[in-house]
Novice: 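My structure is below; once you've seen it, I'll send some questions.
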Protein chains: 2
Amino acid sequence: MDRIDEQILRLLRENAQITSSDISKQVHLSVPAVSERIRKLEDTGLIRQFTVKLDREQLGLHLIAFVMVQIEKTEHIAGFRETVMQADCVLECHHIAGAYDYVLKVAVKGTADLERFISETLKQVEGVSKTNTMIVLSSMKEEM
Amino acid sequence: MDRIDEQILRLLRENAQITSSDISKQVHLSVPAVSERIRKLEDTGLIRQFTVKLDREQLGLHLIAFVMVQIEKTEHIAGFRETVMQADCVLECHHIAGAYDYVLKVAVKGTADLERFISETLKQVEGVSKTNTMIVLSSMKEEM
DNA sequence: AATGAAATGATTGCACC
DNA sequence: GGTGCAATCATTTCATT
């Protein structure tokens, strides 16, 4: 991981569709040298995935919320994790330290779907004793 | 946005490096037809960006935290937003409804950097009256 | 909108430094 | 690790349906 790898990563993050030929011009290295570096960054796992960012609004997902969850007993965690992994509306799930045990980032069409997710999916999980929802009004920064 | 576009989006999200030729085989459409559909999905803005997911651990960013922020008066919001936009460690910043005004997702090397960010950057912003930090212990799901 | 075929452009493999 | 060149593979263009 030298200066040039950092430059390549910056260019790929900005636009993963950039050609090796274009990167080659910017980093002053031959095309095979650039391809080889990208291959190695993938092999070492530093580049985890090539993906696309979609416009959630256009997908009809107008409501983002953070839902904090408290789990009563450790034996209920496996069931909770399974529910969360299967729920398409859960974008993120983090185990956290503090008053709550987990924080979820959820994307749904609107308040009706959010209510349904919280009361019919989340609260039905054994051990889920308490939740606290923060509705997102707007997002001014959202990177990976 | 029909059935085929949805299929194409699913394939691209999974691996944006997939070739149009490979997509073409899976959706049973010719290569130019697939290219044209992808071009349109970009034009309409549904595909916002082609990008790469990096491994934060390998980048030395071992600590993720959610920081909730309360802002005293609305006139201080512009300064807060500028600070947040410029801070590289802030991955996300959402305006939220509830007891706090903003929630930030922060990635840093360790607790020292987190402390520095909160006390030297965030709390120096005029109007930031109260913060509440949730340290992430592990992440079991993290999509865009 | 979709197709096939030709032209163009990018990547890969390889011999060499 | 890096380069240049040739071979391979992918994408774009365009006439046609």
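Proteins come first, then strands; the chains are lettered A, B, ... in the order of their sequence lines, and each starts at number 1.
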Novice: Are A/Leu12 and A/Ile23 close enough that some pair of their side-chain heavy atoms sits under 4.5 Å apart?
Specialist: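 Of all side-chain heavy-atom pairs linking A/Ile23 with A/Leu12, at least one is under 4.5 Å.
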
Novice: When you measure from every atom of DNA chain D, which of residues 33-47 of chain A have a heavy atom less than 4.0 Å away?
Specialist: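 Those residues whose heavy atoms fall under 4.0 Å from DNA chain D, taken from residues 33-47 of chain A in numerical order, are A/Ala33, A/Arg37, A/Lys40.
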
Novice: Closer to the 5' end of DNA chain C via nearest nucleotide, is it A/Lys25 or A/Pro32?
Specialist: A/Lys25

Novice: Quick test of your reading of the model: are B/Glu92 and A/Lys105 salt-bridged, counting only N-O distances below 4.0 Å?
Specialist: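 Yes.
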
Novice: How many angstroms lie between atom CG of B/Leu122 and atom CZ of B/Arg116, to the nearest 0.5 angstrom?
Specialist: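 Here the rounded value is 14.0 Å.
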
Novice: Could you verify whether a donor N or O on one side chain and an acceptor N or O on the other, from B/Gln70 and B/Lys130, lie under 3.5 Å apart?
Specialist: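 Judged by distance alone, the side chains do not pair up.
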
Novice: Determine yes or no for a side-chain-to-main-chain donor-acceptor pair under 3.5 angstrom, with A/Gln49 supplying the side chain and B/Arg13 the backbone.
Specialist: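 Yes.
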
Novice: Are the side chains of B/Val34 and B/Gln26 in contact, using a 4.5 Å heavy-atom criterion?
Specialist: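 A side-chain contact under 4.5 Å is absent here.
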
Novice: Answer yes or no: is there a side-chain heavy-atom contact under 4.5 Å between B/Glu126 and B/Glu72?
Specialist: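 Answer no - side chains too far apart.
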
Novice: Would you mind reporting whether A/Ile4 and A/Leu29 have side-chain heavy atoms less than 4.5 Å apart?
Specialist: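 The answer is yes; the side chains approach within 4.5 Å.
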
Novice: What parts of residues 12-24 of chain A reach DNA chain C, counting only heavy atoms under 4.0 Å away?
Specialist: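 Contacting residues: A/Thr19, A/Ser20, A/Ser21.
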
Novice: Walk along DNA chain C from 5' to 3' and tell me the first and last nucleotide with an atom closer than 4.0 Å to a non-hydrogen atom of chain B.
Specialist: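 Span of nucleotides near chain B: C/dA1 to C/dA5.
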
Novice: Side chains of B/Ile135 and B/Leu114, heavy atoms from C-beta outward: is any pair under 4.5 Å?
Specialist: yes

Novice: Starting at CZ of A/Arg56, measure out to NZ of A/Lys109 and round the result to the nearest 0.5 Å.
Specialist: 14.0 Å

